[in-house]
*Asks:* 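One structure, pasted below without further comment.
Within every chain, numbering begins at 1; the chains are lettered A, B, ... in the order of the sequence lines, protein sequences first and strands thereafter.
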Amino acid sequence: MEHCRKLTLEGSALPFDLDITLRCGQVFRFEKIGRWWCGVLENEVIRIRQEGRDLHFAGTTEDQIIRYFDLDLDLEGILRGFPDDPLLASAVRHAYGLRIVRQPAWECAASYIVATFANIPGIRTRIRLLCERFGEEIRAGEFAFPKPGTLASSPLCDIRSCRVGYRDRFLCGTAGMVSNEPGWDERIAALEYRDARRELMRFPGVGRKVADCILLFAFHRFEAVPVDVWIDRIMRTHYLEEGGRYSYDQIADEARAIFGPYAGYAQEYLFAARNQIKK
DNA sequence: CTCCAGGCAGCCA
DNA sequence: TGGCTGCATGGA
C-alpha cells in the first residue's frame, strides 16, 4: 500500500468519530482490520484510522476523505440546533461524532434495495457476495462495487446466488434503468425533495423508505427521514400519541416538525442509539 | 428452533 | 388512498 497521509481535524471537521460513523449501519462495505478501517472508494482500496484529532489514511486523497466524510459540514452547529430533548440528547451523546457519509448514488441505491426486510449483518454478507461475483477486482481479493450495466445484463439466478432472495429482479431492474440513463443522479439531485423521492420510487424495489435512505445517504438531503422498524418504534413510543394510527409520511413529517431541517441527522443518531433506547 | 430484520409490490376495497 | 399479504434469507 502506498504511503500514509495524515489529516488533522479542525474547525467544521469536529466532531468526528470514525468508528461510530462506519459502524452505525449506513455503509456496509467497510471492515475494521486491526486498527485500520478498510474499504473501497471510487475504485480505490483505502484504509483509514483515527487517533484523536488525527486521521491517518492511505489509498486516496485528502479531498476525497473530506468529501466522503463530509468534513466541511458544520456538524457541531447541526447538533446544537437540535431541539432541547432528553432522548435525542442522549442519542447524540452516545453517537457523538457520527457523520452521514456521502455514498455514491448507485452503490447506495443498490445497497438499500437489497437491505429491505433484512438485518445488517445479512446485508453486509449479500453486498460482499455481489461485489465478489460482479465487481471488478481492483486488487487481489478487493472488489469494486458492481457496475449497474453488469448487474442489468446478468441472469437473475446469478444475482440470486448472492443470497438476495426475491430482491434479485428489483436489483436487476433498477440496474437496467440506471445504466440506461447516465446522469440519472444529477437529474435527481436537481429536484425538490418530494419530486426527487417520487422519481426514485419509480425504480423497482425502491419504496418510501429506500428512497429516503438514498436521498439522505447519497444526496445529503437532510430533511429525508427514513422510517424503518426501529425509527417507527422510537417515534411511536417517545414522540407520538400512544396507540395512534400513523402512516409512514405522517411519522416522517412529525420527525421533521420536531427535529427541524436536519431531521435526517436526528434520525441517524436515534438509529445509532436504538439499542440504548428503552421501549 | 424460533424470531426478526434500514420494506416492497401487488392486491383489494 | 389505505390496509393487508407474501416474500427469501441468515444472524441472533
Side-chain angles (χ1 to χ4, degrees), chain A residues 20-31 91 95 98-101 103 105 107-130 132-133 155-177 194 197-237 243-253 255 259 263-277 279:
Chain A
I20 292 171
T21 295
L22 293 180
R23 249 197 272 272
C24 72
Q26 59 176 322
V27 289
F28 304 105
R29 293 200 65 198
F30 273 93
E31 191 182 354
L98 183 162
R99 280 175 187 260
I100 292 176
V101 157
Q103 296 187 40
E107 175 172 343
C108 184
S111 296
Y112 280 92
I113 284 171
V114 302
T116 61
F117 199 32
N119 51 31
I120 291 175
I123 296 164
R124 293 175 58 87
T125 301
R126 282 179 192 146
I127 292 176
R128 181 175 50 76
L129 291 171
L130 284 168
E132 289 174 1
R133 178 158 184 121
L156 286 182
C157 57
D158 287 355
I159 296 176
R160 183 171 282 224
S161 72
C162 298
R163 304 176 191 172
V164 298
Y166 61 91
R167 309 166 190 81
D168 54 356
R169 57 200 169 92
F170 299 153
L171 183 58
C172 189
T174 295
M177 291 172 66
R194 288 286 169 185
R197 198 174 76 148
R198 192 179 311 113
E199 283 302 300
L200 286 171
M201 287 173 64
R202 294 176 59 237
F203 294 128
V206 178
R208 298 162 302 197
K209 192 270 178 181
V210 171
D212 276 330
C213 284
I214 299 168
L215 287 170
L216 180 61
F217 298 133
F219 293 94
H220 280 205
R221 297 294 182 86
F222 298 123
E223 72 267 47
V225 179
V227 181
D228 71 328
V229 295
W230 297 98
I231 296 301
D232 182 272
R233 206 172 292 156
I234 291 169
M235 289 299 294
R236 288 176 190 278
T237 305
R245 278 176 278 286
Y246 296 93
S247 69
Y248 179 101
D249 283 327
Q250 285 174 321
I251 294 174
D253 284 341
F259 302 127
Y265 247 106
Q267 173 276 149
E268 198 57 16
Y269 272 86
L270 290 171
F271 182 83
R274 63 194 179 283
N275 291 322
Q276 274 65 42
I277 297 174
K279 301 178 181 178

*Asks:* At 4.0 Å (heavy atoms only), tell me whether A/Val227 reaches a base, stays on the sugar-phosphate, or touches nothing.
*Replies:*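 Counting heavy atoms under 4.0 Å across all strands, no contact is made by A/Val227.
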*Asks:* To check you understand the geometry: which heavy-atom pair defines the closest contact between A/Arg160 and A/Asp168, and what is its length?
*Replies:*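 Shortest heavy-atom separation between A/Arg160 and A/Asp168 comes out as NE-OD2, 3.0 Å.
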*Asks:* Please report the interatomic distance OG1(A/Thr21) to CD(A/Gln26), rounded to the nearest 0.5 Å.
*Replies:*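 CD of A/Gln26 is found 6.5 Å from OG1 of A/Thr21.
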*Asks:* Determine the interplanar angle of the A/Phe170 and A/Tyr166 rings, folded into 0 to 90°, and report it as parallel if under 30°, tilted if 30 to 60°, perpendicular if over 60°.
*Replies:*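 Perpendicular: the ring planes of A/Phe170 and A/Tyr166 meet at over 60°.
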*Asks:* Identify, between A/Phe117 and A/Thr125, the residue whose nearest nucleotide on DNA chain C lies closer to the 5' end.
*Replies:*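 That would be A/Phe117.
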*Asks:* Identify, between A/Lys209 and A/Gly205, the residue whose nearest nucleotide on DNA chain B lies closer to the 5' end.
*Replies:*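 Of the two residues, A/Lys209 wins.
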*Asks:* Expressed in angstrom and rounded to an integer, what is the separation of A/Gln103 atom CD from B/dG6 atom P?
*Replies:*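 So the CD-P distance, A/Gln103 to B/dG6, works out to 15 Å.
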*Asks:* Mind checking the P distance from C/dG6 to B/dG6? Whole angstroms is fine.
*Replies:*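 To the nearest whole Å, 23 Å.
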*Asks:* Using 0.5 Å steps for rounding, measure from the CG atom of A/Asp212 to the CZ atom of A/Phe219.
*Replies:*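 Reported to 0.5 Å precision, the distance equals 12.5 Å.
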*Asks:* Would A/Lys209 and A/Asp228 pass as an ion pair if we require N to O under 4.0 Å?
*Replies:*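 A salt bridge is absent here (no side-chain N lies under 4.0 Å from a carboxylate O).
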*Asks:* Tell me what A/Gln267 touches on the nucleic acid: a base, only sugar-phosphate, or nothing, going by heavy atoms under 4.0 Å.
*Replies:*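 The answer is base, as A/Gln267 lies within the cut-off (heavy atoms under 4.0 Å) of a base atom.
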*Asks:* For the pair made of CZ in A/Phe203 and C1' in B/dG7, what is the distance, rounded to whole Å?
*Replies:*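 Going from CZ in A/Phe203 over to C1' in B/dG7 covers 18 Å.
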*Asks:* For DNA chain C, which residues in residues 155-174 of chain A have a heavy atom at a distance below 4.0 Å?
*Replies:*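 Result for residues 155-174 of chain A: A/Arg160, A/Arg163, A/Gly165, A/Tyr166, A/Arg167, sorted by number.
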*Asks:* Could you pull out all residues at least two apart from A/Asp232 that satisfy salt bridge (Lys or Arg N to Asp or Glu O under 4.0 Å)?
*Replies:*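 So A/Asp232 forms a salt bridge (Lys or Arg N to Asp or Glu O under 4.0 Å) with A/Arg236.
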*Asks:* Base, sugar-phosphate, or nothing for A/Ala115, non-hydrogen atoms under 4.0 angstrom?
*Replies:*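 It contacts sugar-phosphate atoms only.
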*Asks:* What's the CZ-C1' distance between A/Arg245 and C/dG3, to the nearest Å?
*Replies:*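 Atom CZ in A/Arg245 sits about 11 Å away from atom C1' in C/dG3.
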*Asks:* Using atom CD1 of A/Ile113 as one end and atom P of B/dG7 as the other, report the distance to the nearest whole Å.
*Replies:*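 Spelled out: CD1 on A/Ile113 to P on B/dG7 is 13 Å.
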*Asks:* Quick one: label A/Gly207 by what it contacts on the DNA or RNA (base, sugar-phosphate, nothing), any heavy atom closer than 4.0 Å.
*Replies:*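 Contact class for A/Gly207: sugar-phosphate only.
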*Asks:* Within the stacking criterion (centroid distance below 5.5 Å, interplanar angle below 30°), does A/Phe271 stack on B/dG6?
*Replies:*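 One would call A/Phe271 stacked on the B/dG6 base.
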*Asks:* Can you tell me which nucleotide in B/dA5, B/dG7, B/dG6 comes closest to the side chain of A/Thr116?
*Replies:*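 Output: B/dG7.
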*Asks:* Looking at A/Asp249 and A/Arg208, is there a salt bridge between them, counting it only when a charged N and a carboxylate O are closer than 4.0 Å?
*Replies:*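 Salt bridge: no.
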*Asks:* Considering only atom C1', compute the distance from C/dA8 to B/dC3 and round it to an integer number of Å.
*Replies:*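 One C1' to the other, the span is 15 Å.
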*Asks:* Given atom CZ of A/Arg197 and atom P of B/dC8, what is their separation to the nearest angstrom?
*Replies:*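 Checked: the CZ to P distance equals 10 Å.
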*Asks:* How many Å lie between CZ on A/Arg274 and P on B/dG6, as a whole number?
*Replies:*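 Rounding to the nearest Å, CZ of A/Arg274 and P of B/dG6 are 6 Å apart.
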*Asks:* Just how far, in rounded Å, is P of B/dG6 from CD1 of A/Ile127?
*Replies:*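 Between P of B/dG6 and CD1 of A/Ile127: 13 Å.
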*Asks:* So A/Tyr112 and A/Phe217, would you call those rings parallel, tilted or perpendicular, with 30° and 60° as cut-offs?
*Replies:*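 Taking A/Phe217 first and then A/Tyr112, their aromatic rings lie parallel (interplane angle under 30°).
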*Asks:* When the distance from OH of A/Tyr246 to C1' of C/dG3 is rounded to whole Å, what number comes out?
*Replies:*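 So the two atoms are 18 Å apart, to the nearest Å.
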